[in-house]
Engineer: 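Once you've had a glance at the structure underneath, I'll fire off some questions.
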Protein chains: 2
Amino acid sequence: MDDERLGPVTLLDVAREAGVSLSTASRALNRGARQVRADLAARVLAAAETLNYSTNAQAQAVARGKSNTIGLIVSDISDPYFSAIAAGAIRTAEEHGLVVMMACTFRRPERELEYVSMLRGQRACGAILTGSRVTDTVLLDRLGAELDAFQRTGGRVAAISQNKLPVDTVLIENRAAARDLAEALCQVGHRQFAVLAGPPELMTARDRLAGFRQGLTRSQVPLPAAHVIHGEFTRDGGYAAAREVVRRRLDVTCIFAVNDVMAVGGMAALRDRGLEPPGGIAIAGFDDIPALRDVTPALTTVRLPLEELGVSAVDMVLQPPSDKPRLRRVQGDVVLRASTPPPGKRPAGKR
Amino acid sequence: MDDERLGPVTLLDVAREAGVSLSTASRALNRGARQVRADLAARVLAAAETLNYSTNAQAQAVARGKSNTIGLIVSDISDPYFSAIAAGAIRTAEEHGLVVMMACTFRRPERELEYVSMLRGQRACGAILTGSRVTDTVLLDRLGAELDAFQRTGGRVAAISQNKLPVDTVLIENRAAARDLAEALCQVGHRQFAVLAGPPELMTARDRLAGFRQGLTRSQVPLPAAHVIHGEFTRDGGYAAAREVVRRRLDVTCIFAVNDVMAVGGMAALRDRGLEPPGGIAIAGFDDIPALRDVTPALTTVRLPLEELGVSAVDMVLQPPSDKPRLRRVQGDVVLRASTPPPGKRPAGKR
DNA sequence: CTGTTAGCGCCTTCAC
DNA sequence: GTGAAGGCGCTAACAG
């Protein structure tokens, strides 16, 4: 059944096998451009079949000057936040016949630069930046320049998170949602908070902290500077920060972790001291990671449509370029669950 | 600073700018092949810099007849099992200067075929299959043929899971580990089990069930056919299956879910009925998913070095081809935790 | 060590 | 509707 050719079978081989010219074979395979007589087309297809021909996408891209590859840059694919976004993006990309190249920065923002540059080398038709912007403005400028170069080769760019770059953006309303969360927690009766604030240079973390603080202010609840503990944006970072809250005997009834992964780490730290909710210190997160919905007590959080974020980003990349960067706002919804019961079971500061 | 050229800048542009020939420019940029006089090389590099040149990886691959792209096929990137493997694979690939193309089958095994075919079209230098094999042998044969074609174009293949394909394989010792787990649970004192067995056609699920059964047999503990509940390999599948255990009032003290994600779903179902451990029905999983290590009670499971699986697969793909497929066995370690206390707190069947 | 030349596999005007 | 020819950007013999 199989042909035992040694070298790779090329389009020319198919053409010869079908007894037609190179161009006819090409046209028959990529239906759409010019019409090919039905019987010839059939012969070409048959020839391709028997020869087990596979068109060389690279060569095709070179000749066409355009590829069907889209780049997806995430901070850490093993973080459920990013893997959910990636799932949405990959599914959508595939629906549009695109293949996705994945790159992880492993939380080193400067690697975004290298990856965008690499994607330019690949002549990717699009790039999606899923990670948070950082406060480093020189990095921001260099990234902007790199993205500019990328766009000049015909690539389209979409960012998910903050709109700090002159590219299409899916803007996550971290600030507003964190504000809502703070107000909801005050509504429940909390008045003494600590925040596991993540890395100070990460804008996503900053915005969530700022929004939370704003919500507290609106509710006339103070947040002492000493109650804001910075650390890694990971489970272990949350654990360490919460341990710090306990170690310093901060007088709080509720902890806000700026993401769910940290909240789970924080809850583990509380549990190690017998201080978990209910009865201990309440704790809330942010993101509503699906895989974390079964932790106990169930985590109060802000729900984000993670997969949709990825879908939207791909959609933006697929749209024809516009002069003005597009902006799509996505809001989060507060979800109150068992991890934040009203305070008072156990007198605050009495530990 | 930037040159405002309209068309993309090509290697020829760089050569002209540096006042050298095309090949000299090429050699200067890809250091290694032939030597270039230092001053000329410097001029080329400078020219590339000022022109903001980016070598076209596609054209390079076409000319070389070899790409630096590796394909990674997963069932579902939002499943933490696969995202952990992917993290290891991506990190390792990058260390070797490879770029990763990611594809999700979304648990439809037949899509593996399409993706391998697509990777052949991309002339990827390697492909990694991370998902479980299935029992469908005609699918297996077709996949084998497709992989053969891929390898004939110079691509290397590595599979993670079962060694059912004539390619390099990272074999997970699901059977042996599940057997160990069963014996450990019997050791603890359990004698009445149910299994949330996953899809019957998935070999990973089958092997874990078979191994578990074998361990029970060794301990002279029966497993009635009615105590094996099949379902989806997901959190919701675990939830549904465990609900079935409860609904049928199966007389068991311990449930084995064939993966952690299902175990967590199962635990949620038990909790909904007030039957969670301790005190209720014990439950164990498989994989030791890092993100699930903080569930309560802590999940008894089999630890798998997930990231290493991805690392090993990439390593295999990078090795020079051998006549015989390589095999690397990876074993799992039983980790007993709080979700499987000894039975007896609550008389079995007394619910 | 450098430049010239012929490809790599494919697409796409252009005449017929 | 079909084929011949030129070109995409780059590499790799081959001569000098």
Side-chain angles (χ1 to χ4, degrees), chain A residues 5-44 47-48 51-69 120-125 152-154, chain B residues 5-44 47-48 51-69 120-125 152-154:
Chain A
R5 299 183 79 279
L6 293 167
V9 21
T10 160
L11 184 57
L12 188 58
D13 298 324
V14 175
R16 280 205 265 258
E17 173 83 10
V20 299
S21 80
L22 195 59
S23 18
T24 303
S26 171
R27 293 196 267 254
L29 260 9
N30 323 337
R31 23 183 93 268
R34 246 170 166 68
Q35 286 296 15
V36 174
R37 222 173 53 209
D39 59 329
L40 285 193
R43 257 163 51 199
V44 171
L51 261 38
N52 198 8
Y53 170 74
S54 165
T55 132
N56 184 329
Q58 314 241 27
Q60 198 167 281
V62 172
R64 282 213 263 253
K66 202 94 193 87
S67 80
N68 63 334
T69 299
R120 178 157 74 108
Q122 297 288 339
R123 299 297 185 269
C125 67
R152 223 169 295 140
T153 73
Chain B
R5 298 185 79 276
L6 293 167
V9 20
T10 161
L11 184 57
L12 187 58
D13 298 324
V14 175
R16 281 205 265 258
E17 173 83 12
V20 299
S21 80
L22 198 56
S23 24
T24 303
S26 172
R27 294 195 268 254
L29 260 7
N30 323 337
R31 22 184 91 270
R34 249 169 165 67
Q35 286 298 12
V36 175
R37 222 173 54 208
D39 59 328
L40 284 192
R43 256 162 53 198
V44 171
L51 260 38
N52 198 8
Y53 170 74
S54 165
T55 133
N56 184 329
Q58 314 243 26
Q60 198 166 286
V62 172
R64 282 214 262 254
K66 202 95 193 87
S67 80
N68 63 334
T69 299
R120 178 157 73 108
Q122 297 288 340
R123 299 296 184 272
C125 66
R152 224 169 294 139
T153 72

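Residue numbers start from 1 in every chain, and the chains themselves are labelled A, B, ... in the order their sequence lines are given, proteins ahead of strands. Computed from a prediction, not measured in an experiment: that's the story for all the values here.
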Engineer: With distance as the sole test, does B/Arg43 use its side chain to make a donor-acceptor pair with the main-chain N or O of B/Ala18 at under 3.5 Å?
Structural biologist: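 Answer holds: yes.
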Engineer: For the helix from C/dC1-D/dG16 to C/dC16-D/dG1, how many degrees between its two end axes (five pairs per end), to the nearest 10°?
Structural biologist: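 Comparing the first five pairs with the last five, the axes sit 40° apart.
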Engineer: Could you tell me whether a side-chain N or O of B/Lys66 sits under 3.5 Å from a main-chain N or O of B/Ala124, the two making a donor and an acceptor?
Structural biologist: no
Engineer: Take nucleotides 1-7 of chain D nucleotide by nucleotide from the 5' end and write B, S or -, depending on whether a protein heavy atom sits under 4.0 Å from the base, only from the sugar-phosphate, or from neither.
Structural biologist: SBBB---
Engineer: Does A/Tyr53 make a side-chain N or O approach to OP1 or OP2 of C/dC10 shorter than 4.0 Å?
Structural biologist: yes
Engineer: Using whole Å, what does the distance between atom P of nucleotide C/dC8 and atom CG of B/Leu11 come to?
Structural biologist: 20 Å
Engineer: Round to the nearest Å and state the distance from A/Gln58 atom CD to C/dC8 atom P.
Structural biologist: 16 Å
Engineer: Using a cut-off of less than 4.0 Å, is there contact between a side-chain N or O of A/Gln60 and OP1 or OP2 of C/dC11?
Structural biologist: yes
Engineer: Assess, by modelled atom type and distance only, whether the side chains of A/Gln122 and A/Ser67 contain a donor and an acceptor separated by less than 3.5 Å.
Structural biologist: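 Distance-only check fails for A/Gln122 and A/Ser67.
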Engineer: For a side chain to side chain contact (heavy atoms under 4.5 Å, CB included) with A/Leu11, tell me which candidate from A/Leu29, A/Thr55, A/Asn56 qualifies.
Structural biologist: A/Leu29
Engineer: Does a side chain donor of either A/Ser26 or A/Ser23 reach within less than 3.5 Å of an acceptor in the other side chain?
Structural biologist: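 Checked: A/Ser26/A/Ser23 side chains show no N/O donor-acceptor pair below 3.5 Å.
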Engineer: Between C1' on D/dC10 and CG on B/Asp13, what's the gap in Å once rounded to a whole number?
Structural biologist: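 About 13 Å, once rounded to whole Å.
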Engineer: Strictly below 4.0 Å: does A/Ser26 bring a side-chain N or O up to OP1 or OP2 of C/dT12?
Structural biologist: no
Engineer: In whole angstrom, what separates A/Arg64's CZ from C/dC8's P?
Structural biologist: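 So the CZ-P distance, A/Arg64 to C/dC8, works out to 21 Å.
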Engineer: Would you kindly give the CG-to-C1' distance between B/Leu12 and D/dC8, to the nearest whole Å?
Structural biologist: 12 Å
Engineer: Could you check how far CD of A/Gln122 sits from P of D/dC10, rounded to whole Å?
Structural biologist: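 Taking CD of A/Gln122 and P of D/dC10, I get 13 Å after rounding.
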Engineer: C/dC10 C1' sits how many Å from A/Leu29 CG, rounded?
Structural biologist: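 Rounding to the nearest Å, CG of A/Leu29 and C1' of C/dC10 are 11 Å apart.
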Engineer: Is there side-chain contact between B/Arg123 and A/Ser54, with heavy atoms separated by less than 4.5 Å?
Structural biologist: yes
Engineer: For B/Asp13 and B/Val9, which heavy atoms make the closest approach, and how far apart are they?
Structural biologist: OD2-CA, 3.4 Å
Engineer: Using whole Å, report how far NZ of A/Lys66 lies from P of C/dT12.
Structural biologist: 14 Å
Engineer: On the nucleotide C/dC8, are OP1 or OP2 found under 4.0 Å from the side-chain N or O atoms that A/Asn56 carries?
Structural biologist: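 For A/Asn56, the contact criterion (side-chain N or O under 4.0 Å from OP1 or OP2 of C/dC8) is not met.
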Engineer: Is a side-chain donor or acceptor of B/Asn30 paired with a backbone partner of B/Arg27 at a separation under 3.5 angstrom?
Structural biologist: no
Engineer: State, with a plain yes or no, whether a side-chain heavy atom of A/Val44 is found less than 4.5 Å away from one of A/Val14.
Structural biologist: yes
